[in-house]
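The sequence lines fix the lettering, A, B, ..., with proteins before strands; numbering per chain opens at 1.
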Amino acid sequence: MEESKEISKSYDPKINDTEINKLWEESGFFNSDNLPKSHKKEYSVILPPPNVTGTLHLGHALMVVIQDILIRYHRMKGFKTLWLPGTDHAATATQERVEKDIYKKENKTRYDLGREELLRRIDVFTKESHDTIVNQVKKMGASIDWSREAFTLDEKRNFAVRTAFKKMYDAGLIYRGNRIVNWDPKLGTTISDDEVERVEEKTSFYYLKYGPFTIATARPETKFGDKYVVMHPKDKRYAKYKNGEKLEVEWINGKINATIIKDEAIDMSFGTGVMTITPWHDKIDFEIAQRHNLDFEQIIDLKGKLLPIAGEFSGIHIKKARPLIVEKLKAKGLVEKIDENYIHSVATSERGGGVIEPQILKQWFVDVNKKFKLERSKIKGIKSGSKTTLKEIMEKTVKGGQIKIVPDRFKKIYFHWIENLRDWCISRQLWYGHRIPVWYKGEEVYVGTESPKGDGWIQDEDTLDTWFSSGLWTFSTLGWPEKTKDLEFFHPTNVLETGYDIIFFWVARMILMSGFLLGDIPFKNVYLHGIVRDKEGRKFSKSLGNGIDPLDIIEKYGTDALRMSLITGISPGNDSNFSEDKTRGYRNFATKLWNIGRFIKMNDVADYDPKKIKLSASDKKKIKFAVDLKNKAGKNIGNFKFNEAAYDLYHYAWHEFADKIIEEVKPRLKSENLKDKLSALKMLKDILFEVLKSLHPFMPFVTEAVYKEVYNPKDSKDLLIIAKW
RNA sequence: GCGCGCAUAGCUCAGUGGUAGAGCGUUUCAUUGACAUUGAAAAGGCCCCAAGUUCAAUCCUUGGUGCGCGCACCA
């Protein structure tokens, strides 16, 4: 009883969490190389690298918790566990963020600063951001191997990117060409199809007279160069017009020589069934123009201003130009009617929020449909040396079940995306990121991992889409293209755990890259978690000001409580709402666990040999129940049913072990009969051990602390973190 | 247009082919003897609607309603 006075009545995470974290770090067990030799079989998870654009939010916290649960469980199960951390340079987001800051503070743009200076400023920013993130991840109790930390833009990863680019180029999968791309005038770069977000907008829809026809448009400002008028070949209304027929029409800036084009892309029932086309600024028009070998004329420049083709409107921004043009059309009597309530969706940039202007630009692309020979394949359904496509790799790996997706329904969404997939535009007109490893000298083009020898070579100005480097993440982090031991042992990784919102951006691209470069899958399982929202179910956002720093919650309730409140009551792929009430509830549970330990320690007896104590059948049965429950929880963790596992353990620990078993056994603990007392004690300690082990993946701090208090391990390496499950 | 998800206690959400669960909230009582960050109990649910399958449906099937989301199209 003397000792017990030293234990406080409640678990204090502020002191204990820090102390426990130190014990773990000193043990070295986060690094699989330091685990006991009995840990043989590999189990690997690579942390989805958070963007170095700021701090982590609760969504990141959930991600870290789930992965830590998997890692801690498998470590205790005797696996050689690797959890490899890193951060993502997130080119677009990061550059935008820093540019904004500079503009706010100094009223300067990136062009004022120059490439070198901007990159220097970004480096300063990302270092700071990186340190914040690492600190946050550590506070979450992540048992992560910091000795292997990577950055998507560090030297090793840059080499991997250059190598990947070169290999894909040599295989003919990367090409450069003039294609219609999504141009973001605000960010000053192209973006991929996946980064475009459609926003519905009410706008005016103009019916304009175009010679004998009426055409309809929502964007009169693009119509200057429209010299082709297109209709469906089977449209009886326009049967008298022949494909290729020419006619003169009065248009915005005077007479224009129009050509009739017949194409099946036209929807006869939409509008008047006739349209004029703007091949430079519209994907469909571009395709029609390609089919009929028509001229392409640029109308709008990269800043959104009209070009000389617009005559008197030249140099005016399209936003300002539209009403002026409509005025002129009205004056000329070319406006037939205006539908004021037309709803159409405007393409905007998911990142910058600006309106996307399609443009024809010379860019680099990854060809997803081109056949190539896959030399060495471990992909089921694609034989070594056979011809395949990137699309096929992405499809077969999942369809054949080699990669499992939890929850299952995301498979459909994934396949649907693949079906609609076009070539991936990978070049960006940003300065921050992996510079494209291509050099030019006159007409000569050199693609290589290093710059070419000789004078006069100029490297491509553009950088690569961030997801190009992220796509390599599962193996670039393990040393690829070098043949490292880590790569051989830990790849493919066991689980990719991430949010469902980046299944296309990232999950699909990793499968693509790994398939092409390694002929293998990047991971065996994909677990997708939902978005963590606020108490009211709103997304966390800066504009709403509802952001929550996980560190503030940890400060108030402790890490274990935060972890439990994030993981309970959720199901895979579904969004969840976060409330502090829940966290408070689990803080109470941490205290409960602490007090269970405290109670047992208070009743502990020194100098007795637990091996000599015989237990009654009913006591044994109680212990067995705890063991069985632990195994059930383990199975649930293995099947990604974290909530179920946590719920069972919570309920058992509190409402069975504490409320019933301990209450019932109290008289025996007070008994004069030493045998009675010791057998009760042994049973409690045996059950507690099971409870601590099974709850450790969820609540690592308090369980480790109680273990230390109650079982008095003599060896500093005797920690619950590697206790045998 | 194609596809997906959700609908369960006052609120936020888990879950299951057979008497329905958690957190918070509400009511009553008890205890300062591990824990008031406690214990015991209670109130509160046509588990969205309809039909079907089944001995049995909140769960499976079909249809409907409401909400949310993804993709495509939008001249």
Notebook entry, point to check: Touch check for Gly271(A), heavy atoms < 4.0 angstrom, all strands: base, sugar-phosphate only, or nothing?
Noted result: nothing
Notebook entry, point to check: Between Phe589(A) and Trp654(A), how do the two ring planes meet: parallel, tilted or perpendicular, split at 30° and 60°?
Noted result: parallel
Notebook entry, point to check: Counting only Watson-Crick or G-U wobble pairs whose two distances fall under 3.5 Å, which nucleotide matches G63(B)?
Noted result: C49(B)
Note to self: Just the rounded figure in Å: distance from P of G5(B) to CG of Asp501(A).
What the structure shows: 18 Å
Notebook entry, point to check: Contact class for Ile277(A) vs. all strands (heavy atom < 4.0 Å): base, sugar-phosphate, or nothing?
Noted result: nothing
Notebook entry, point to check: Side chain of Asn574(A): nearest nucleotide among C6(B), G15(B), A34(B)?
Noted result: C6(B)
Check: Please give, in whole Å, the distance from G15(B) P to Asn636(A) CG?
Finding: 11 Å
Next item on the list: Could you check which nucleotide pairs with A9(B) in any of the strands shown, counting Watson-Crick or G-U wobble with both distances under 3.5 Å?
Entry: none
Notebook entry, point to check: Within the structure, does a side-chain N or O atom of Lys535(A) lie under 4.0 Å from either OP1 or OP2 of U12(B)?
Noted result: no
Next item on the list: Please state whether the phosphate of G39(B), meaning OP1 or OP2, lies under 4.0 angstrom from any side-chain nitrogen or oxygen of Lys660(A).
Entry: no
Notebook entry, point to check: Touch check for Ala218(A), heavy atoms < 4.0 angstrom, all strands: base, sugar-phosphate only, or nothing?
Noted result: sugar-phosphate
Checklist line | Pairwise C1' distance, C46(B) and U58(B) [rounded to whole Å] | finding: 11 Å
Item checked: Earlier contact from the 5' end, RNA chain B, for Asp581(A) and His344(A) -> Asp581(A)
Margin query: Quick test of your reading of the model: are Arg219(A) and Glu357(A) salt-bridged, counting only N-O distances below 4.0 Å?
Written below: yes
Next item on the list: Would you indicate which nucleotide in A40(B), G23(B), G15(B) comes nearest to any side-chain atom of Lys582(A)?
Entry: G23(B)
Checklist line | Ring center gap for Tyr650(A) and Tyr586(A) short of 6.0 angstrom | finding: yes
Notebook entry, point to check: Mind checking whether Phe205(A) and Tyr207(A) have parallel, tilted or perpendicular rings, split at 30° and 60°?
Noted result: perpendicular
Next item on the list: Send over the distance from Tyr586(A) OH to G23(B) P, rounded to a whole Å.
Entry: 7 Å
Checklist line | Sugar-phosphate, base or nothing in reach of Asp659(A), heavy atoms under 4.0 Å | finding: sugar-phosphate
Item checked: Span that lies between the P atom of G21(B) and that of A42(B), in whole angstrom -> 12 Å
Notebook entry, point to check: How long is the line joining CD1 of Ile567(A) and C1' of C13(B), in whole Å?
Noted result: 14 Å
Note to self: Closest approach to the side chain of Lys592(A), judged atom by atom: which nucleotide of U38(B), U12(B), A22(B) is it?
What the structure shows: U38(B)
Margin query: Rounded to whole Å, please give me the gap between CG in Asp408(A) and C1' in G5(B).
Written below: 14 Å
Next item on the list: Using the C1' atoms only, state how far C2(B) lies from G17(B), rounded to an integer number of Å.
Entry: 33 Å
Next item on the list: If A72(B) has a Watson-Crick or G-U wobble mate with both distances under 3.5 Å, name it; if not, just say none.
Entry: none
Check: Does any donor atom in the side chain of Asn182(A) or Ser192(A) lie under 3.5 Å from an acceptor atom in the other side chain?
Finding: no
Check: Nearest to the side chain of Glu644(A) - G15(B), U37(B), C35(B)?
Finding: G15(B)
Margin query: Counting only side-chain nitrogens and oxygens, does Tyr647(A) get under 4.0 Å of the OP1 or OP2 atom of G23(B)?
Written below: no
Notebook entry, point to check: Taking atom P in both C4(B) and U62(B), what distance in whole Å separates the two?
Noted result: 11 Å
Check: Which base sits across from U16(B) as a Watson-Crick or G-U pair, both distances under 3.5 Å?
Finding: none
Item checked: Whole angstrom value for the distance that separates C1' of G15(B) from NE2 of His651(A) -> 13 Å
Margin query: Side chain of Arg587(A), heavy atoms from C-beta onward: which of A34(B), G39(B), U37(B) has the nearest atom to it?
Written below: U37(B)
Next item on the list: For U37(B), take OP1 and OP2 only and decide whether either is under 4.0 Å from a side-chain N or O of Asn595(A).
Entry: no
Item checked: Atom-pair distance (CZ on Phe589(A); C1' on A34(B)), nearest Å -> 15 Å
Note to self: Taking the nucleotide of RNA chain B with the nearest heavy atom to each, does Gly273(A) or Thr591(A) sit closer to the 5' end?
What the structure shows: Thr591(A)
Notebook entry, point to check: For A40(B), which nucleotide in any strand shown is its Watson-Crick or wobble partner with both distances under 3.5 Å?
Noted result: U28(B)
Notebook entry, point to check: What distance, rounded to whole Å, do you find between the two C1' atoms, one in C49(B) and one in C55(B)?
Noted result: 25 Å
Margin query: By the 4.0 Å heavy-atom rule, please label Tyr342(A) as base, sugar-phosphate, or nothing.
Written below: sugar-phosphate
Next item on the list: Can you tell me the distance, in whole Å, between the CG atom of Leu593(A) and the C1' atom of A34(B)?
Entry: 12 Å
Item checked: Asn577(A) side chain, from C-beta outward: closest of A34(B), U12(B), G39(B) -> U12(B)
Notebook entry, point to check: Does the separation of the ring centres of Phe689(A) and Tyr711(A) fall below 6.0 angstrom?
Noted result: yes
Checklist line | base_contact_polar (U12(B) base, Ser579(A) side chain, donor-acceptor, <3.5 Å) | finding: no
Check: Rounding to the closest angstrom, what is the interatomic distance between C59(B) and A9(B) at atom P?
Finding: 15 Å
Extract from the structure each pairing of a protein N or O with an N or O of nucleotides 66-72 of chain B at less than 3.5 Å, listing the distance.
from	atom 1	to	atom 2	distance (Å)
C71(B)	O2'	Asn420(A)	ND2	3.4

Notebook entry, point to check: Which base sits across from G33(B) as a Watson-Crick or G-U pair, both distances under 3.5 Å?
Noted result: none
Checklist line | Which nucleotide in A40(B), C24(B), C35(B) has an atom nearest any side-chain atom of Asn588(A) | finding: C24(B)
Next item on the list: Would you please test Phe224(A) and Asn253(A) for side-chain contact (heavy atoms from CB on, under 4.5 Å) and show each step?
Entry: CA-CA 8 Å; Phe224(A) 291 100; Asn253(A) 289 333; 3.6 Å; yes
Check: Taking atom C1' in both A50(B) and G44(B), what distance in whole Å separates the two?
Finding: 27 Å
Checklist line | Polar side-chain atom of Arg563(A) near backbone of Pro700(A) as donor-acceptor pair, under 3.5 Å | finding: no
Notebook entry, point to check: Paired with A56(B) by Watson-Crick or G-U wobble geometry, both distances under 3.5 Å: which nucleotide is it?
Noted result: none
Notebook entry, point to check: For the ring pair Phe296(A) and Phe286(A), is the centre-to-centre distance below 6.0 Å?
Noted result: yes
Checklist line | Pair Trp417(A)-Met394(A), side-chain contact (heavy atoms from CB on, under 4.5 Å): steps then yes or no | finding: CA-CA 11 Å; Trp417(A) 177 81; Met394(A) 288 192 276; 4.2 Å; yes
Next item on the list: Provide the distance between the two P atoms, one in U38(B) and one in C24(B), to the nearest whole Å.
Entry: 8 Å
Check: With respect to the side chain of Arg584(A), which nucleotide from C73(B), C24(B), A22(B) is positioned closest?
Finding: C24(B)
Note to self: Please identify which of these residues, Arg587(A), Lys556(A), Lys535(A), meets the salt bridge (charged side-chain N to carboxylate O under 4.0 Å, His left out) condition with Glu580(A).
What the structure shows: Lys556(A)
Next item on the list: Look at the side chain of Glu663(A) against the base of A34(B) and say whether a donor-acceptor pair falls under 3.5 Å; ignore hydrogens and angles.
Entry: yes
